[in-house]
Amino acid sequence: ETDDAYVQRITRYSDGTVKLRNSNIELMDQDILYHLALGSESHDLQEMFGDVKFVCMGGTPKRMENFAHFIMDEIGYKLPAGTQLQDISAYSYRYSMYKVGPVLCVSHGMGTPSVSILMHEMIKLMYHAKCIDPIFIRIGTCGGIGVEGGTVIITEDALDGQLRNSHEFTILGETVHRPAKLDKKLARDLKSLHSADDPYDTIIGKTQCTNDFYEGQGRLDGAFCEFSENDKMAYLEKLRDHGVVNIEMESTIFAALTHHAGIKAAVVCVAILNRLNGDQVNAPKEVLHEWQQRPQILVARYIRKVLTRD
Ligand code: R2B
Ligand code: URA
């Protein structure tokens, strides 16, 4: 049995619903998803979320609210008469979550700890709600390496700060690595939905995930910098020669936890600058806004395609 077949076997019931790799949860009389402001006893999670097929995550609450409105138009979903789109996790004051039929749109904040907490609770939500084979997609921003601003980048492999294709956890004081694997076919399917009419490129490549935006990404413009511009350029060129096309801050944890849960996942980011040309994000806000719609457009095409096929 391959590693992937093993993960599939232990993470799915025979009807395709999500099975947890933690038997403690089924023994508890209730499970509080604290950072989502939801609970397995306080809410009928199956009724609320049982039809979810796609979980789309991105950094900011506003972007995910916009995406929710956008995907509603794209899939032609109508909210029940007299209702409005509402932030389901508003009272967590942590993350925000919008549901548009089979699509859940959730903000994940910045960096590994924020995404890690959310992923635990989202995976448990999929379990409590008895969702069938959900797909998780991160739509984000990134710094390109030798890639122009506005380019859409689909992650093929997520690498950590030391270029390892895994995420390093510290659990009970011990170091544990879990593979940061994403679904290769999902990445190809997404790439195939780039249109020849799109006035920008959509590429697949390796993504480096760091724990910081400034020194951790080799920037010269943080509050501190103890390396030279030559050191920085040599490092970025080393990344590029290794096949790294972008840097962001969530891909390894996102890939590691979805893979561990047997959930198909993809990361689609837009480059908001080319790091070989500088460090500051100086594109006008209208331009940045338009760029950030590009991953959403690609993911909407994918969701539409799957929904019309099924
Ligand atoms: C991309 O953008 C954020 C930093 O500006 C971070 O969350 C990321 O991965
Ligand atoms: N997000 C990052 O993490 N880095 C960048 O350079 C841009 C966006």
Side-chain angles (χ1 to χ4, degrees), residues 56-64 66-67 94-96 105-119 122 136-163 167 180 182 200 203 205-223 225 227 229 232-233 235-240 244-258 265-285 287-296 299:
C56 300
M57 299 185 186
T60 76
K62 196 72 205 167
R63 178 150 33 87
M64 298 322 289
N66 288 342
F67 180 68
R94 294 289 183 186
Y95 304 105
S96 57
C105 310
V106 196
S107 70
H108 63 50
M110 283 190 286
T112 294
S114 182
V115 171
S116 179
I117 295 166
L118 180 69
M119 297 297 288
M122 290 307 299
F136 281 32
I137 304 178
R138 161 167 144 73
I139 23 193
T141 59
C142 64
I145 300 187
V147 165
E148 287 318 302
T151 304
V152 175
I153 300 163
I154 303 163
T155 302
E156 138 185 292
D157 281 316
L159 309 180
D160 74 0
Q162 297 177 50
L163 298 178
H167 187 84
L182 293 158
Y200 48 85
I203 64 171
K206 294 188 179 130
T207 298
Q208 185 184 51
C209 177
T210 67
N211 281 330
D212 171 52
F213 183 83
Y214 289 101
E215 292 173 282
Q217 293 185 6
R219 280 186 157 80
L220 301 167
D221 62 346
C225 180
F227 48 81
E229 178 164 14
K232 166 196 154 179
M233 291 312 293
Y235 178 67
L236 292 182
E237 281 157 20
K238 179 181 130 182
L239 292 183
R240 186 190 53 193
V244 174
V245 292
N246 63 336
I247 314 183
E248 45 79 275
M249 299 177 58
E250 292 84 15
S251 56
T252 60
I253 185 74
F254 181 79
L257 293 186
T258 48
V267 176
V268 185
C269 292
V270 69
I272 56 173
L273 78 169
N274 178 358
R275 287 297 314 289
L276 297 184
N277 298 338
D279 295 336
Q280 294 251 307
V281 178
N282 52 20
K285 70 175 191 314
V287 172
L288 287 173
H289 182 78
E290 193 266 313
W291 286 353
Q292 289 181 39
Q293 289 173 334
R294 296 175 177 181
Q296 304 186 16
V299 170

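Computed from heavy atoms alone, side chains included, the values below leave out hydrogens, waters and symmetry copies. Both counts, for ligands and for their atoms, begin at 1 and track the order of listing.
Annotation for ligand 2: atoms under 4.0 Å from non-hydrogen atoms of Cys142 are 1 (N), 5 (C), 7 (C), 8 (C). Under a 4.0 Å criterion applied to the non-hydrogen atoms of Ile272, ligand 2 contributes the atoms 7 (C), 8 (C). The Ile247 neighbourhood of ligand 2 comprises atoms 2 (C), 3 (O), 4 (N), with distances under 4.0 Å to a heavy atom of that residue. Residue-ligand proximity, Phe213 to ligand 2, at heavy-atom distances under 4.0 Å covers atoms 1 (N), 2 (C), 3 (O), 4 (N), 5 (C), 6 (O), 7 (C), 8 (C).
A donor-acceptor pair under 3.5 Å links the side-chain atoms of Tyr95 to the main chain of Ser114, judged by distance alone. Proximity of a side-chain donor or acceptor of Thr60 to a complementary backbone N or O of Arg63 within less than 3.5 Å is detected. Under a 3.5 Å cut-off, the side chain of Arg240 and the backbone N or O of Ile145 do not form any donor-acceptor pair. Distance alone, capped at 3.5 Å, is enough to place a donor-acceptor pair between the Thr258 side chain and the Phe254 backbone. With Asn274 contributing its side chain and Gly146 its backbone, the two residues share a donor-acceptor pair below 3.5 Å. Without hydrogens or angle criteria, Thr210 side chain to Met249 main chain gives no donor-acceptor distance under 3.5 Å. Although no hydrogens or angles enter the test, the distance criterion places a donor-acceptor pair under 3.5 Å between the side chain of Arg294 and the main chain of Gly150.
The nearest protein atom to atom 5 (C) of ligand 2, hydrogens excluded, is given as Gly143 N, 3.3 Å; this is a heavy-atom distance. The protein atom (non-hydrogen) at minimum distance from atom 6 (O) of ligand 2 is Arg219 NH2, 2.7 Å. If you check which protein heavy atom lies closest to atom 3 (O) of ligand 2, you get Gln217 NE2, 2.9 Å. Among all protein heavy atoms, the one lying closest to atom 9 (O) of ligand 1 is Glu250 OE1, 2.4 Å. For atom 4 (C) of ligand 1, the nearest protein heavy atom (residue, atom name, distance) is Phe213 CD1, 3.7 Å. Looking only at heavy atoms of the protein, atom 2 (O) of ligand 1 is closest to Thr141 OG1, 3.1 Å.
For the side chain to side chain contact (heavy atoms under 4.5 Å, CB included) with Ile139, the qualifying choice from Gln293, Met57, Met64 is Met64, the only one to do so.
Side chains of Gln280 and Asp221: a donor-acceptor N/O pair is present below 3.5 angstrom, by distance only. In the model, Thr207 has a side-chain atom that pairs as donor or acceptor with a side-chain atom of Asn246 under 3.5 Å.
Not close to ligand 1: His108, with no non-hydrogen atom less than 4.0 angstrom away. The closest approach between Asp279 and ligand 2 stays at or above 4.0 Å for every heavy atom of the residue.
Residue-to-ligand polar distances place Met249 within reach of ligand 1: an N/O pair is separated by less than 3.5 Å. Remark: ligand 1 and Glu248 share no N or O pair separated by less than 3.5 Å (distance only, no angle test).
Within the 4.0 Å heavy-atom criterion, the part of Arg138 lying near ligand 1 is the side chain and not the backbone. Residue-level proximity to ligand 2 for Leu273 is carried by the side chain, the only part with a heavy atom below 4.0 angstrom.
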